[in-house]
Amino acid sequence: MDSTSIRNSYDAVADVYARGFTADLASKPLDRAMLTAFSEQVPKEAPVADVGCGPAQVACYLADLGVPVLGLDVSPGMVEVARARRPGLDVRVGSMLDLPLGDGELAGVVAFYSLIHLQVDERPAAYAEFARVLRPGGLVLAAFHAGEETRHLDSWFDRPVALDFFALRPDEVAAGLTAAGFSVEATLMRGPYPGEADTERAYLVARRLG
């Protein structure tokens, strides 16, 4: 699987995905709690990027908390859906492996279930990009399926796709961020909520060292 497959797959399901996931934070209290804690800690002098934003449910939540935020997604279809959902929200097409942002432009990066599509050898590049675009003291909040399983989908919402979903070991994510110049400040685990896929979830908060 490459970035073209990810882009094309999410383009294919963007409209129906948005209908299913736009309001999903309402049923996920720990997700909301982590985002709220992130909003209280992130430096306020620069924006936060929601990387792999999809229909921008996380970006909208942060914006409603008063956080200056922009969304980035590799799928133009998802970007279109996000812009329609919240007119005026800054949402751009972009890959976390080559973020269309300047050095030190951001105060924070949120990656909610977007690292899970990266191959093992791609993850260090993503962590390095997070470090590049963040100012010293900036925060990363990552959420991901925890474990070592890989799930492949050829069909999603009754539409053809080609997507791999990689569960990640929290200690490996922490080690990768540490190698990229971050200090890991918190890790939290939870089980699935009703209606979610039957996997553990992990949240990780890391601060860019200056």
Side-chain angles (χ1 to χ4, degrees), residues 3 25 28 30-74 78-79 82 86 88-118 122-146 168-189 201-210:
S3 60
L25 287 174
K28 299 180 180 181
L30 277 176
D31 291 51
R32 299 195 307 273
M34 292 300 294
L35 289 167
T36 299
F38 174 85
S39 75
E40 293 174 355
Q41 296 180 79
V42 71
K44 298 302 190 294
E45 70 274 6
V48 166
D50 176 11
V51 177
C53 66
Q57 69 270 34
V58 167
C60 289
Y61 187 84
L62 290 171
D64 290 343
L65 292 174
V67 177
V69 61
L70 59 94
L72 292 164
D73 202 284
V74 73
M78 283 293 187
V79 169
R86 182 67 67 93
L89 182 68
D90 184 358
V91 189
R92 313 173 191 176
V93 176
S95 167
M96 71 177 72
L97 300 177
D98 185 18
L99 292 168
L101 298 165
D103 295 357
E105 185 173 340
L106 300 179
V109 168
V110 174
F112 257 47
Y113 305 100
S114 49
L115 293 171
I116 61 172
H117 292 306
L118 297 182
E122 293 177 318
R123 294 168 201 161
Y127 304 146
E129 276 292 273
F130 294 172
R132 180 185 67 80
V133 300
L134 280 171
R135 299 180 177 190
L139 286 181
V140 168
L141 170 60
F144 49 91
H145 299 278
L168 309 176
R169 288 176 47 188
D171 60 327
E172 290 186 353
V173 177
L177 286 168
T178 299
F182 290 89
S183 173
V184 175
E185 296 189 346
T187 303
L188 177 69
M189 305 286 293
R201 269 66 170 178
Y203 309 87
L204 191 148
V205 178
R207 191 177 299 274
R208 186 187 184 282
L209 300 174

- Query: After noting the C-alpha distance and the side-chain angles of Leu89 and Val69, does the key distance pass the side chain to side chain contact (heavy atoms under 4.5 Å, CB included) rule?
  - Reply: CA-CA 8 Å; Leu89 182 68; Val69 61; 4.1 Å; yes
Distance from [X] atom [atom1] to [Y] atom [atom2], nearest 0.5 Å?
{"X": "Met96", "Y": "Glu122", "atom1": "CE", "atom2": "CD", "answer": "9.5 Å"}
{"X": "Arg201", "Y": "Lys28", "atom1": "CZ", "atom2": "NZ", "answer": "6.0 Å"}
{"X": "Glu185", "Y": "Leu204", "atom1": "CD", "atom2": "CG", "answer": "10.0 Å"}
{"X": "Arg132", "Y": "Glu105", "atom1": "CZ", "atom2": "CD", "answer": "9.0 Å"}
{"X": "Asp103", "Y": "Leu134", "atom1": "CG", "atom2": "CG", "answer": "11.0 Å"}
{"X": "Asp31", "Y": "Leu25", "atom1": "CG", "atom2": "CG", "answer": "6.0 Å"}

What are the two closest non-hydrogen atoms of [X] and [Y], and how far apart are they?
{"X": "Ala46", "Y": "Leu106", "answer": "CB-C, 4.0 Å"}
{"X": "Val91", "Y": "Cys53", "answer": "CG1-SG, 3.9 Å"}
{"X": "Ala82", "Y": "Ala56", "answer": "CB-CB, 3.6 Å"}
{"X": "Gly210", "Y": "Pro136", "answer": "CA-CB, 3.5 Å"}
{"X": "Tyr203", "Y": "Ala143", "answer": "CD2-CB, 3.9 Å"}
{"X": "Tyr127", "Y": "Phe182", "answer": "O-CE1, 3.7 Å"}

Counting distance only, does the side-chain N/O of [X] pair as donor-acceptor with the main-chain N or O of [Y] below 3.5 Å?
{"X": "Asp50", "Y": "Gly71", "value": "no"}
{"X": "Ser183", "Y": "Arg207", "value": "no"}
{"X": "Arg208", "Y": "Gly181", "value": "no"}
{"X": "Asp73", "Y": "Val93", "value": "no"}
{"X": "Lys44", "Y": "Ser39", "value": "yes"}
{"X": "Glu129", "Y": "Ala126", "value": "no"}
{"X": "Arg92", "Y": "Leu72", "value": "no"}

- Going through the checks in order, is the side chain to side chain contact (heavy atoms under 4.5 Å, CB included) test met by Phe144 and Phe112? CA-CA 7 Å; Phe144 49 91; Phe112 257 47; over 6 Å; no
Under a 4.5 Å cut-off applied to non-hydrogen side-chain atoms, are [X] and [Y] in contact?
{"X": "Met34", "Y": "Val205", "value": "yes"}
{"X": "Leu97", "Y": "Ser3", "value": "no"}
{"X": "Val58", "Y": "Tyr61", "value": "no"}

- Report the C-alpha separation of Leu99 and Val109 in whole Å, then their side-chain angles, then the decisive distance to 0.1 Å, and conclude whether the side chain to side chain contact (heavy atoms under 4.5 Å, CB included) test is met. CA-CA 11 Å; Leu99 292 168; Val109 168; 5.6 Å; no
- Item | Passing candidate, side chain to side chain contact (heavy atoms under 4.5 Å, CB included) with Val173, options Val184, Thr178, Leu168, Val140 |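 Only one of Val184, Thr178, Leu168, Val140 forms a side chain to side chain contact (heavy atoms under 4.5 Å, CB included) with Val173, namely Leu168.
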- Task: Take Val110 and Phe38, measure what side chain to side chain contact (heavy atoms under 4.5 Å, CB included) needs, and give me the verdict at the end.
- Result: CA-CA 9 Å; Val110 174; Phe38 174 85; 3.5 Å; yes
- Message: Taking Arg86 first and then Asp64, would you say they form a salt bridge - that is, a charged N and a carboxylate O separated by under 4.0 Å?
- Response: yes
